[in-house]
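Structure first, commentary second.
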Amino acid sequence: MDVGVVLQCDPPAMGVVELAKRAEAAGFSHVWTFDSHVLWQEPFVIHSRILADTDRVVVGPMVTNPGTRDWTLTASLFATLNEMYGNRTVCGIGRGDSALRVLGSRPATLAELRECVRVIRELGNGRSVRLGDRDLRFAWAPDSRLEVWVAAYGPKALALAGEVGDGYILQLADPDIAAWMIKAVREAAERAGRDPAAIRFCVAAPAYVGDDSPESMAHQRDQTRWFGGMVGNHVADIVARYGADGTVPTALTDYIKGRQGYDYAQHGRAGNIHADFVPDGIVDRFCVLGPVEHHRGRLAELKELGADQFAVYLQHDAKESTLAAYGERVIPAVA
């Protein structure tokens, strides 16, 4: 099982680069970043420096979207990085949340996401693509290779991931929900005539290594409760579309009943006061907290379900110690 890390593009940008370098030295396989250019710094500029200062890690956004950049521009960004640094990028993509909503825009439709994935994949792999009334190709990038991994929660988005994604990104670490969603993606791939075993599965969630005393666990939960609020934005969209009738697991929908709006100025940040509705039980299910043994156990469960990668969201006050603990005691146990 690969283990990646997810970083925010908070200034100073070189601080993000330094964390990425430490992650590679610790044995992490991927460095992902948020992509929300109003809330944080522009990720692709930082990606270039990460790639320049590392040798092995694969770098990409978790996740970009079809709305903030022209699709051909996004593909060109990846192809350029691949030419410069040797095909070490991956495109994580979804409908869009904070990056679009802070602009007053809506998330992309699934039809837009599907077409965007097609355009980015074809151009990013040196192939021609029909867009409107034109055939386009990066003649300068014949050797670029790019996988596109689709982030999804709802039934139709999960089906899209299975139909067109090289990989699937699930942003929560609950084994029961992961089992349901991985199964849905695999079934959609099979219906589409694809090999379900060819799809890579990445589970991403905050991980905080600490002891299991009541005081420490309470602190760890407070540092990661923001994640349940972030997931709640997507769940609220699902409930608005499908209702809370069991179409998706009730564990994913019940907890948002106490949700009272959301302030994107605190998006993805420890101490987010708009995540108070998230109960401790959801934090424990969605995140991975406590001693190293808890982390090894949860990752082993996810690996058994088919996860190829666990990506550690590193947005809390124990970044360095969690990186070190994973490098020394978790990654060697799950590799």
Side-chain angles (χ1 to χ4, degrees), residues 4 9 30-37 42-52 54 57-97 99-100 103 105-152 157 159-169 185 188-189 192-195 198-202 308-309:
C9 294
H30 291 64
V31 173
W32 304 87
T33 71
F34 283 47
D35 178 12
S36 193
H37 63 285
E42 166 57 36
F44 286 99
V45 177
I46 299 173
H47 290 179
S48 185
R49 185 58 185 262
I50 291 173
L51 288 161
T54 57
V57 288
V58 176
V59 179
M62 187 176 284
V63 293
T64 193
N65 67 84
T68 53
R69 300 178 188 86
D70 180 89
W71 303 344
T72 61
L73 172 60
T74 300
S76 183
L77 287 167
F78 283 109
T80 301
L81 292 173
N82 283 341
E83 188 278 325
M84 293 175 71
Y85 303 110
N87 289 331
R88 290 170 52 208
T89 67
V90 59
C91 177
I93 192 167
R95 293 178 57 223
D97 179 33
L100 294 172
L103 300 174
S105 300
R106 59 166 178 79
T109 66
L110 290 178
E112 290 168 337
L113 178 58
R114 182 186 297 274
E115 181 68 358
C116 180
V117 168
R118 182 184 72 88
V119 170
I120 291 173
R121 176 188 288 117
E122 295 306 297
L123 292 175
N125 283 284
R127 299 187 290 262
S128 63
V129 66
R130 187 74 174 179
L131 186 60
D133 61 353
R134 297 179 183 272
D135 292 313
L136 304 174
R137 179 174 174 269
F138 297 153
W140 47 269
D143 299 321
S144 176
R145 296 295 178 264
L146 178 69
E147 291 188 351
V148 182
W149 296 17
V150 177
L160 186 151
E163 292 161 5
V164 304
D166 297 304
Y168 164 58
I169 297 171
V185 171
R194 304 181 70 202
D195 178 6
I199 300 174
R200 303 285 303 281
F201 292 94
C202 174
D308 301 288
Q309 180 183 158

Worked check of side chain to side chain contact (heavy atoms under 4.5 Å, CB included) between Ile199 and Arg194: CA-CA 9 Å; Ile199 300 174; Arg194 304 181 70 202; 4.0 Å; yes

Which heavy atom of [X] sits nearest to which heavy atom of [Y], and what is that distance?
X	Y	answer
Glu115	Trp71	CG-CZ3, 3.3 Å
Ile50	Val31	CD1-CG1, 4.1 Å
Arg114	Leu160	CB-CD1, 3.8 Å
Gly92	Ile169	CA-CD1, 3.9 Å
Leu113	Gly94	CD1-O, 3.7 Å
Ala99	Asn65	CB-ND2, 3.7 Å

When you measure from the side chain of [X] to the backbone N and O of [Y], does any donor-acceptor pair fall under 3.5 Å?
X	Y	value
Asp166	Val148	yes
Thr89	Asn82	no
Tyr168	Gly162	no
Ser76	Thr72	no
Arg137	Gly126	yes
Arg145	Asn125	yes

To the nearest 0.5 Å, tell me how far [X] [atom1] sits from [Y] [atom2].
X	Y	atom1	atom2	result
Leu123	Ser144	CG	OG	9.5 Å
Leu136	Arg127	CG	CZ	14.5 Å
Phe78	Leu73	CZ	CG	10.5 Å
Ser36	Leu103	OG	CG	8.0 Å
His37	Arg69	NE2	CZ	7.5 Å

Could you check if a side-chain atom of [X] sits within less than 4.5 angstrom of a side-chain atom of [Y], using non-hydrogen atoms only?
X	Y	value
Arg95	Leu110	yes
Trp32	Pro43	no
Leu100	Thr68	yes
Cys202	Met62	yes
Glu147	Val58	no
Thr80	Trp140	yes
Cys91	Thr64	yes
Arg130	Glu122	no

Worked verdict on Arg121 versus Leu146 for side chain to side chain contact (heavy atoms under 4.5 Å, CB included): CA-CA 7 Å; Arg121 176 188 288 117; Leu146 178 69; over 6 Å; no

Pair Asp135, Ser128: side-chain N/O donor-acceptor within cut-off below 3.5 Å: no

Exercise: do Trp149 and Gln309 side chains pair donor with acceptor under 3.5 Å: no

Parallel, tilted or perpendicular, as decided by the 30° and 60° cut-offs, for the rings of His47 and Phe44: perpendicular

Heavy atoms of other groups near Arg49 CZ, more than 12 under 6.0 Å: no

Greater than 12 external heavy atoms within 6.0 Å of Glu83's CD: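 No.
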
